[in-house]
Amino acid sequence: MKISVMGTGYVGLVTGATLSEAGNDIVCLDIVEDKINQLNKGESPIFEPGLDKLIKKGIAKGNLKGSTNIEQGIVESDITFICVGTPSKKDGSIDLNYIKNASSAIGRALRHKQDVHTIIVKSTVIPQTTENVVLPIISKKSGRKRENIGIGMNPEFLREGSAVKDALKPDRIVIGHADEVALNVLKEIYKDHDCPKLECNPRTAEFIKYASNAFLATKISFANEMANMCSIWGIDFKEVAEGMGMDSRISPQFLQAGAGFGGSCFPKDVKALAAAAKSDKIGSKILTATLEVNESQPKIVIGMTKERLGVLKGKKIAILGLTFKPETDDVRESRTEIVVKELVDEGAKVIGHDPEGIENFKKIIDIETSNTLNEVVKGADCLILMTEWKEYLEMDLKSLKERMNGNVIIDGRRALNPEKVKEAGFDYKSIGLG
Ligand code: UGA
């Protein structure tokens with residue numbers, strides 16, 4: 001099938017590359033020339049395991065290409081996926097400007113084409129956006145009759161770090177469609193995927209995405225609140241989570257307590273859904289609490305550090321982990337940012353380490369960094385683990401301790417083995433550990 005993909009961010013690139021792998025003809029469209037040039041050289045503009053390989057293959061085979069000629073890309077394809085960003089406004093509500101601009105561009109392009117064209121929204125959008133924003137703009141700008149447009153909503157459930165795998169082997173595919181044209185197109189595109197497929201209307205598809213992210217974020221905040229109780233009552237939440245997870249109705253996933261959730265999706269999506277519910281006068285007590293717990297978790301890390309070190313002014317603190325989770329270079333909404341800001345404000349001397357995220361983190365806060373662990377711990381009074389990179393779980397604690405000035409480790413992810421840390425001579429304090 002001939003498919004154009006609007007937006008070459010993380011969702012657009014993974015969608016384009018995996019659909020080309022499935023044998024479709026893909027053109028990825030973006031206004032940023034650098035990204036398109038990089039793509040056409042067979043390189044991925046973002047760090048995502050497995051993506052480079054798929055892009056290289058698609059470019060070499062000739063069924064994947066990038067273009068800045070949006071109109072031509074749309075006119076020469078039969079289907080357009082909208083994969084542009086949906087950032088938050090200052091009040092947390094969704095900013096639909098990119099969606100509106102993409103819809104206008106599609107509408108204008110469709111004036112130069114006769115055949116039926118199908119538009120599938122993949123961006124995460126508040127319920128009713130596909131039917132009440134995207135479709136009216138495209139209809140108006142193109143001047144087309146409704147029967148000449150196919151319209152659908154097919155949310156993505158990709159996790160950074162395993163997005164290619166998630167796209168090639170998804171748990172489920174949600175086929176939101178407002179007409180038979182979009183239904184048939186989506187059924188054809190995903191015909192070789194043997195996972196469960198749910199057919200529904202676009203607003204249901206839109207909401208499935210939000211409700212899924214909101215549920216997972218709420219599960220994390222719930223785990224964090226339980227973990228905070230464990231800290232007081234002398235219980236290890238890791239064992240509690242293990243016991244809870246043995247119940248198949250609960251599942252062990254997303255019960256890892258720590259400094260809270262970050263990244264480009266959970267914080268933005270929970271805020272957007274809460275704002276939409278508020279503006280439609282339904283409100284959400286649970287989502288408000290989910291966000292509140294998430295904001296307070298980094299403060300617990302600071303509290304534990306103060307409890308161990310006393311006054312932070314002049315203390316050297318090594319931060320292990322700058323990204324919002326392991327296996328990514330993404331630092332957006334990373335909990336580390338909140339912790340580092342607070343430590344710097346208190347007058348501590350902060351030095352950061354991360355296997356992939358140093359460059360991006362320095363664009364937000366320009367702290368001292370090092371990419372060798374031995375360097376970063378030298379003379380430190382305290383280590384704070386903020387991201388559970390494998391490298392940190394396997395570090396040689398004894399030799400690190402010898403290089404330090406103090407002996408405190410604060411585990412903001414309940415990731416280290418308390419016995420081993422104590423054996424190495426450390427004073428260990430962790431979220432969720434009594
Ligand atoms: C998330 C969802 O998992 C995807 O299904 C969804 O498609 C994506 O958002 C999106 O909307 O695009 P992602 O943000 O890549 O994916 O990362 P996750 O692995 O879900 O982690 C999010 C945050 O939650 C991280 O900061 C992580 O450290 C934290 N987390 C996760 C916990 O604190 N505890 C856990 O048990 C799990």
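Atoms within each ligand, like the ligands themselves, are counted from 1 in listed order. Values reported hereafter were calculated over all heavy atoms of this structure, with side chains retained and with hydrogens, waters and symmetry mates removed.
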What's the verdict on salt bridge (charged side-chain N to carboxylate O under 4.0 Å, His left out) for E375 and K378, showing C-alpha distance, side-chain angles and the deciding distance? CA-CA 5 Å; E375 232 357 86; K378 208 156 86 189; 3.7 Å; yes

Select all protein residues for which some heavy-atom-to-ligand 1 distance is less than 4.0 Å, and list them by chain and number. E156, F157, L158, R159, E160, K209, N213, I220, F254, L255, Q256, G260, F261, G262, C265, F266, D269, F324, K325, R413

If you round to the nearest 0.5 Å, how far is CH2 of W233 from CG of N228? 10.5 Å

Got more than 12 heavy atoms from elsewhere within 6.0 Å of CZ, F207? no

Side-chain donor-acceptor contact under 3.5 Å, T372 with N374: no

Can D91 and K89 be said to form a salt bridge (charged side-chain N to carboxylate O under 4.0 Å, His left out), step by step? CA-CA 5 Å; D91 64 358; K89 288 188 195 162; 5.9 Å; no

Taking only residues two or more places apart in sequence, or in another chain, which ones meet F426 in a ring-ring contact (aromatic ring centres under 6.0 Å, His included)? none

